[in-house]
Undergrad: 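Take this structure first; my questions come after.
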Amino acid sequence: MYSHYISSPGNTARILNKYGIKLKKRLGQNFLIDTNSAKKIVRCAGVSSEDIILEIGSGIGSLTEIMLREAKKVVCVEIDELLVRAFREIFSENLKEGAEGPELELIQADALELNYADLISKYGINKIVSNLPYSIAAKLLLKILVEARSLEKLFFTIQKDIAERLVALPGDKNYSSYTVKSSFLADFKFCFQIPRNCFIPKPFVDSEVIEVQRNENELLKGPDFDIKDFFDFINACFSHRRKKLVNSLSQSGSRYCDKAELVIELLSGINKNRDVRAEELTLDDYIYLYKELNT
Ligand code: SAM
């Protein structure tokens, strides 16, 4: 283990150099090189000795190292072969089997291919703390929200443009089907910002540390509720973004294609004009429409 923090710019550079690591944009490899920010993430997530943390995209362990000092166990996922090799060497002591199993696990896998419900139950994970790869952050976050439903505590570092999509309001330029789907599962609290120059290489935008606050909608508790079917409906509504909602649905190729008259009637029931566009409706409006169209 390195005697100073991995996240110091000098140590990060030394590790990258030692293992011949060239950071890949394709894999969203922007490493945190600010130890204060890394510590602040861990503090903000309230990591304690009770916690079994999942970290997706551990890189060379800049955040892992700090979490290990506080947590009971950290389970890391990393896709990049070379980073996995470096990580295994840097953390060789922590990866060793102890009386209660190792305090650190590393799974080499594509985070988009994992099943988070299985992973959580296998390791007893109770928190996720991750600096997500930009390239897949939006997709991965939604997948985790759907699959890791038993988890109350999730903390993600994501680039600001993605964070803004999560909290956009109807009518905002960032409001999209993604906003509706993610806000169906959770609320998002912005904890603090990390300036872009705290990462190497420096991304084009600053990052935001967000806390996910579960907001399980009543619909989800219904025994027959199919979240994929609900998301398909939202996708159909937004399928032609600039068109009126009624026209989008008619041309979506979904089972709602021939429901224009009913949709117009339902819209009028919630005081919405038949010309309304998808980006003008709230989550509650969508829940109402979906329920009514499927009863
Ligand atoms: N945790 C480190 C930090 O905070 O400096 C690295 C974070 S970096 C933003 C994202 C990490 O995710 C990279 O190490 C990258 O190789 C990894 N990654 C990218 N795509 C991945 C995927 N599909 N599955 C697992 N890890 C992935």
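Owing to the predicted nature of the structure, the values given are computational and were not obtained by experimental measurement. Note that ligands are numbered from 1 as they come in the structure, with each ligand's atoms numbered from 1 the same way.
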Undergrad: Can you measure from CG (N131) to OG (S62) and round to the nearest 0.5 angstrom?
TA: 8.5 Å
Undergrad: Should the ring pair F184 and F231 be called parallel, tilted or perpendicular, given that the plane angle runs from 0 to 90° and is split at 30 and 60?
TA: perpendicular
Undergrad: What atoms of ligand 1 come within less than 4.0 Å of a heavy atom belonging to L132?
TA: 9 (C)
Undergrad: Does any part of the side chain of V263, heavy atoms only, come nearer than 4.5 Å to the side chain of L267, both counted from C-beta?
TA: yes
Undergrad: Which value, rounded to the nearest 0.5 Å, describes the distance between Q29 atom CD and L83 atom CG?
TA: 5.0 Å
Undergrad: Note the single closest protein heavy atom to atom 16 (O) of ligand 1, along with its residue, its atom name and the distance in Å.
TA: E78 OE2, 2.6 Å
Undergrad: Flag the pair K244 and D275 as a salt bridge only when some basic side-chain nitrogen lies within less than 4.0 angstrom of an acidic carboxylate oxygen.
TA: yes
Undergrad: Check the orientation of Y290 and F233. Use parallel for under 30°, tilted for 30 to 60°, and perpendicular for over 60°.
TA: tilted
Undergrad: Could you walk me through whether Y134 and F199 pass the ring pair (Phe, Tyr, Trp, His ring centres under 6.0 Å) test, one step at a time?
TA: CA-CA 12 Å; Y134 181 71; F199 298 91; over 10 Å; no
Undergrad: Please state which protein non-hydrogen atom is closest to atom 26 (N) of ligand 1 and give its distance, to 0.1 Å?
TA: I79 N, 3.4 Å
Undergrad: Give me the residue, atom name and distance of the protein heavy atom closest to atom 20 (N) of ligand 1.
TA: P133 CG, 3.7 Å
Undergrad: Check ligand 1 against G28 and write out every atom of the ligand that is under 4.0 Å from a heavy-atom position of the residue.
TA: 8 (S), 9 (C), 10 (C)
Undergrad: Contact between ligand 1 and I56 is defined here as a heavy atom of the residue under 4.0 Å from a ligand atom; is it met?
TA: no
Undergrad: Give the residue and atom name of whichever protein heavy atom lies nearest to atom 1 (N) of ligand 1, and the separation in Å to one decimal.
TA: G57 O, 2.8 Å
Undergrad: So, is the end of the K143 side chain (NZ or CZ) under 6.0 Å from the ring centre of Y116 and within 45° of the ring's axis?
TA: no
Undergrad: Tell me whether L140 reaches ligand 1 (any heavy atom closer than 4.0 angstrom to a ligand atom).
TA: no
Undergrad: Measure the distance from atom 24 (N) of ligand 1 to every protein heavy atom, then report the residue, atom name and distance (to 0.1 Å) of the closest one.
TA: A111 N, 2.8 Å
Undergrad: Quick test: of every protein heavy atom, which one is nearest to atom 23 (N) of ligand 1, and how far off is it to 0.1 Å?
TA: D110 OD1, 2.8 Å
Undergrad: Tell me which protein heavy atom sits closest to atom 19 (C) of ligand 1, plus the residue, atom name and distance to 0.1 Å.
TA: L27 O, 3.0 Å
Undergrad: Does E55 come within less than 4.0 Å of ligand 1, judged by its heavy atoms?
TA: yes
Undergrad: Between K72 and E50 (salt bridge meaning N to carboxylate O under 4.0 Å), is one present in this structure?
TA: no
Undergrad: If you look at every heavy atom in L82 and D80, which pair is closest and at what distance?
TA: N-OD1, 2.9 Å
Undergrad: Heavy-atom distances under 4.0 Å decide this one: backbone, side chain, both or neither, for S58 against ligand 1?
TA: backbone
Undergrad: Could you list the atoms of ligand 1 found under 4.0 angstrom from a heavy atom of S62?
TA: 5 (O)
Undergrad: Could you tell me which atoms of ligand 1, counted from 1 in the order shown, lie closer than 4.0 angstrom to a heavy atom of L32?
TA: 3 (C), 4 (O), 5 (O)
Undergrad: In plain terms, say whether D232 and K228 are close enough for a salt bridge, that is, a side-chain N and a carboxylate O under 4.0 Å apart.
TA: yes
Undergrad: Check each atom of ligand 1 against the heavy atoms of G59 and keep those under 4.0 Å away; list them by number with element.
TA: 14 (O)
Undergrad: Nearest protein heavy atom to atom 4 (O) of ligand 1, by residue and atom, and its distance?
TA: N131 ND2, 2.9 Å
Undergrad: Before accepting this row, confirm whether a basic side-chain N of the pair R255/D229 lies closer than 4.0 Å to the acidic partner's carboxylate O.
TA: yes
Undergrad: What atoms of ligand 1 come within less than 4.0 Å of a heavy atom belonging to Q29?
TA: 13 (C), 15 (C), 16 (O)
Undergrad: At less than 4.0 angstrom from any non-hydrogen atom of A109, what atoms of ligand 1 do you find?
TA: 24 (N), 25 (C)
Undergrad: Quick one: which ligand 1 atoms are inside 4.0 Å of a heavy atom on L83?
TA: 14 (O), 16 (O)
